[in-house]
Every structure is written in structure tokens, then in C-alpha cells.
Amino acid sequence: MTAGDASGPSRDFWVSLLKTTVQFPTTNGAPATDAAQAGVWLNWRDKLQALNTSGLVPANLPKGR
């Protein structure tokens, strides 16, 4: 697995470990619509490449999606 490319390392990676669902407040005071669900979550959307034995490579989502 590679987490970067010629332009630099990945900049968008986080791991979340939650025992219960959490409703985080928004920064502007508006009501939050989605809660963070309990469980183990891995988010790695930027410059990730992994071995693929099927020959099909899924496109990376653009930042902000």
C-alpha cells in the first residue's frame, strides 16, 4: 500500500474508535444532521494506492466528497 505520490504524502487520514454514537456540534451553531456511528472507522481518501489483483482500479474521490 502506498500513501503518497511524487507530489508528497497523503494529507487526509484519520481513524475513529467510538464505543457509542456521538452527535458532534457544528461550528456555526446549526443543528447537526449526521451522527458519528459507533465502531472502528478508517478514512483515507487522499493519494492512497493498494494492490489490486482484479485488474480494476477504482477512482479516488476528489477532496471534499
Side-chain angles (χ1 to χ4, degrees):
M1 188 177 322
T2 303
D5 59 19
S7 66
S10 176
R11 301 175 316 258
D12 189 6
F13 172 76
W14 56 262
V15 176
S16 175
L17 305 168
L18 296 173
K19 185 176 179 178
T20 60
T21 300
V22 176
Q23 185 73 53
F24 291 102
T26 60
T27 56
N28 63 2
T33 57
D34 294 327
Q37 299 300 310
V40 178
W41 299 91
L42 170 71
N43 182 35
W44 198 344
R45 303 182 326 181
D46 181 80
K47 301 179 185 178
L48 175 64
Q49 297 176 9
L51 281 177
N52 184 334
T53 59
S54 70
L56 301 173
V57 179
N60 288 330
L61 293 174
K63 195 168 178 116
R65 288 199 63 167

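In what follows, residues are counted from 1 in the order of the sequence shown.
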Minimum heavy-atom distance Gln37-Thr21, with the two atoms named: OE1-OG1, 3.7 Å
Mind checking side chain to side chain donor-acceptor pair (under 3.5 Å) for Ser7 and listing every partner two or more places apart, or none if nothing turns up? Asp5, Lys47
Any link between Trp14 and Val40 through a network of hydrophobic side chains (Ile, Leu, Val, Met, Phe, Trp, Tyr) touching at under 4.5 Å? no
Heavy-atom closest pair (Ala35 atom, Gln23 atom, distance to 0.1 Å) is CB-OE1, 3.5 Å
